Amino acid sequence: MRYLVTGGAGFIGSHLCEHLLRRGDEVVVLDDLSTGAEHNLAAVTGHPRLRLRTGSAAELGTVLDAARDVDGIFHLAAAVGVFAILDHPLRSLRTNLHGTESVLEAARQRGIPMLLASTSEVYGKNDKPGLREEDDRVLGAPQRNRWSYADAKAIDEALTYCYHREFGLGAVVVRLFNTVGPRQRGHYGMVLPRFVAQALANEPLTVFGDGSQVRCFCHVDDVVPAMHALLTEESAHGTAYNLGSAEPVSIRELAERVIAVTGSASEIVTVPYSAAYGPGYEDMTSRIPDCTRARERVGFAPRHSLEQIIESVVAANRASLRSVS
Ligand code: UDP
C-alpha cells in the first residue's frame with residue numbers, strides 16, 4: 001500500500017513512517033518542516049519506498065498532488081505544543097483548521113480513507129477518570145488562547161464526521177493522550193522530554209503548578225500500529241478512538257522517577273502556571289483515558305510501562321547527546 005503522511009517529519013509522524021516502511025508500504029511525507037525536521041527521518045533517509053515533499057497541508061493543490069496514487073492519508077500535520085499555541089495563536093488556528101479541511105477534501109476527491117490525529121485536549125477540563133469518547137467537553141472561555149487548540153481540533157473532528165456522513169468518506173479520528181518517546185522535543189512545552197533534558201544536564205526539573213496534575217503517558221510505538229489498524233479497518237470509520245495508556249502518574253512523581261532513572265543530581269522546583277504560561281492559564285487536573293473502544297475494535301493494548309517509557313526516552317537523549325559531542 002502507499003500512504004500519505006502529513007506531518008511525517010514530526011515526532012509521531014516519523015515513527016509512523018518507520019512503521020509503514022517496516023511493513024513494506026510506500027510512504028509519501030508532506031511536511032512544511034515548521035516543527036518537524038528532516039533529521040527525524042534520519043533512520044529511513046534514502047529509503048527507496050519513502051518520498052519527502054516539503055509543503056503545507058493547508059494548500060489543497062499541494063495535498064491533492066501528494067495524494068496522487070495513494071491508498072490512504074494519515075493527517076498529523078498540525079501546530080502542536082502549548083508554548084507554540086500560546087506564542088502563535090492565529091497561525092496555529094489557521095494551520096489546524098485549514099490543514100484538516102484540505103486533507104478531507106483531497107481524500108474525498110481521490111476517494112481514499114483518511115485518519116485525523118486529534119487530541120485528548122478536546123475533553124478540556126473534564127477530569128473524569130477513564131474518559132470515554134462520547135464524554136462531554138468542558139472548556140474555558142474562547143477569549144483564552146489556551147483553548148484554541150482544543151477548539152480547532154474539535155472542529156477538525158466535526159468536519160471529519162461530516163465528510164464521513166455526507167460523502168461516505170472512510171474517515172476515522174484518534175484522540176492521542178500524551179504520546180511520548182524518542183525524538184519528541186521539549187521546546188514546545190512537552191513535559192517528558194523537558195524533564196529528561198533537565199535531568200541529564202543536572203538542571204532543576206521545572207514542575208508547573210503544584211505537580212499534583214495527573215497524566216497517562218503512552219509510548220509512540222504502541223500508538224502508531226493502532227493508527228494504521230484504525231485507518232485500514234473500514235468498520236472503525238466514522239467515529240473517534242482514545243489512544244493512551246492506563247498508568248496514571250502525577251507530574252511531580254514523573255519528575256522524581258526521571259531523576260531516579262537518570263541518577264541525576266537535579267532538584268525539583270515548582271513554577272507557578274502564570275510564570276510558565278502567562279496569566280490566566282488553566283491546566284487539566286487529570287486526564288486518564290478509557291481505551292475500551294480501540295481495544296475492542298483493533299486490539300489496542302499498550303505494552304510499554306511508564307518505567308520502560310522513561311528509560312527509552314533517557315537512552316535516546318543520551319545517544320543524541322553523544323552524537324553531538
Ligand atoms: N509541565 C510541567 N513542566 C514542564 C512542562 C510541562 O510541569 O516543564 C506540565 C504541564 O503544565 C502539564 C503536564 O506537565 O500539567 C503535561 O504537559 P504537556 O505539555 O506535556 O502535555 P499536556 O498534558 O498539557 O497536553
Side-chain angles (χ1 to χ4, degrees), residues 1-57 62-63 66-67 70 72-81 83-84 95 99 115 117 176 178-201 217-228 231 243 258 261-262 303-304 308-325:
M1 303 295 266
R2 180 183 295 164
Y3 294 106
L4 170 61
V5 181
T6 75
F11 156 55
I12 301 174
S14 62
H15 283 273
L16 176 62
C17 291
E18 289 176 6
H19 175 74
L20 296 171
L21 291 169
R22 273 196 303 271
R23 283 177 30 84
D25 297 321
E26 289 181 40
V27 179
V28 180
V29 168
L30 177 63
D31 201 300
D32 67 1
L33 303 180
S34 53
T35 55
E38 279 186 62
H39 63 73
N40 283 331
L41 290 163
V44 287
T45 302
H47 194 292
R49 282 184 275 109
L50 174 71
R51 268 190 298 146
L52 173 61
R53 301 174 66 126
T54 309
S56 168
T62 303
V63 185
V70 154
I73 307 179
F74 293 94
H75 179 43
L76 281 71
V80 290
F83 292 156
T95 300
L115 174 144
L176 305 178
N178 295 87
T179 308
V180 292
R183 298 204 288 270
Q184 187 179 40
R185 300 198 307 152
H187 295 59
Y188 308 106
M190 279 77 164
V191 67
L192 185 57
R194 286 171 61 82
F195 281 179
V196 169
Q198 289 164 340
L200 292 178
F217 294 89
C218 192
H219 199 285
V220 66
D221 288 347
D222 286 327
V223 168
V224 293
M227 293 171 79
H228 174 261
L231 180 72
L243 296 179
V258 168
V261 169
T262 52
R303 294 184 205 296
H304 292 78
Q308 291 169 326
I309 288 173
I310 297 172
E311 282 165 3
S312 83
V313 173
V314 169
N317 276 38
R318 281 199 167 121
S320 79
L321 284 176
R322 273 197 300 277
S323 73
V324 292
S325 65

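This structure is a prediction, so every number in the text was calculated from the model and none was measured.
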Sub-4.5 Å side-chain heavy-atom contact between Thr179 and Leu243: no
Met190 and Val180, any side-chain heavy atoms less than 4.5 Å apart: no
Closest heavy-atom pair and its distance - Ala57, His75: CB-CE1, 4.2 Å
Point-to-point distance, once rounded to the nearest 0.5 Å, from CG of Leu33 to CG of Leu52: 6.0 Å
Spatial distance of atom OG1 (Thr6) from atom CG (Asp31) [nearest 0.5 Å]: 8.0 Å
Ile310 side chain near Phe195 side chain, heavy-atom distance below 4.5 Å: no
Spatial distance of atom OG1 (Thr45) from atom NE2 (His39) [nearest 0.5 Å]: 10.5 Å
Point-to-point distance, once rounded to the nearest 0.5 Å, from CZ of Arg194 to NE2 of His187: 10.0 Å
Nearest-0.5 Å distance that lies between atom CZ in Arg303 and atom CD in Gln308: 11.5 Å
CG-CZ distance between Asn317 and Arg322, expressed to the nearest 0.5 angstrom: 11.0 Å
Non-hydrogen atoms of Ala66 and Val70 that approach each other most closely: O-CG2, 3.6 Å
Asp32 vs Thr95 side-chain heavy atoms within contact, under 4.5 Å: no
Nearest atoms (heavy-atom pairs only) where Tyr188 meets Ser34: OH-O, 4.3 Å
Arg49 side chain to Leu21 backbone, donor-acceptor under 3.5 Å: yes
Whether Tyr3 and His228 hold their rings parallel, tilted or perpendicular, with breakpoints at 30° and 60°: perpendicular
Any Leu231 side-chain heavy atom under 4.5 Å of Phe74 side chain: yes
Under 3.5 Å: donor-acceptor pair, side chain of Arg2, backbone of Glu26: no
His47 atom NE2, neighbour heavy-atom count above 12 within 6.0 Å: yes
Flag, side chain of Arg53 to backbone of Thr62, donor-acceptor distance under 3.5 Å: no
Name each donor-acceptor pair under 3.5 Å that joins a side chain in residues 7-16 to protein atoms two or more places apart or in another chain, with its distance.
residue	atom	partner	partner atom	Å
Ser14	OG	Gly10	O	2.8
Ser14	OG	Phe11	O	3.0
Ser14	OG	Arg183	NE	3.2
Ser14	OG	Arg183	NH2	3.2
His15	NE2	Pro182	O	2.9
His15	NE2	Arg183	NH2	3.4

Derivation of the side-chain contact (heavy atoms from CB on, under 4.5 Å) call for Met227 and His19: CA-CA 10 Å; Met227 293 171 79; His19 175 74; over 6 Å; no
Non-hydrogen side-chain atoms of Val258 and Leu192 separated by less than 4.5 Å: yes
Exercise: do His304 and Ser312 side chains pair donor with acceptor under 3.5 Å: no
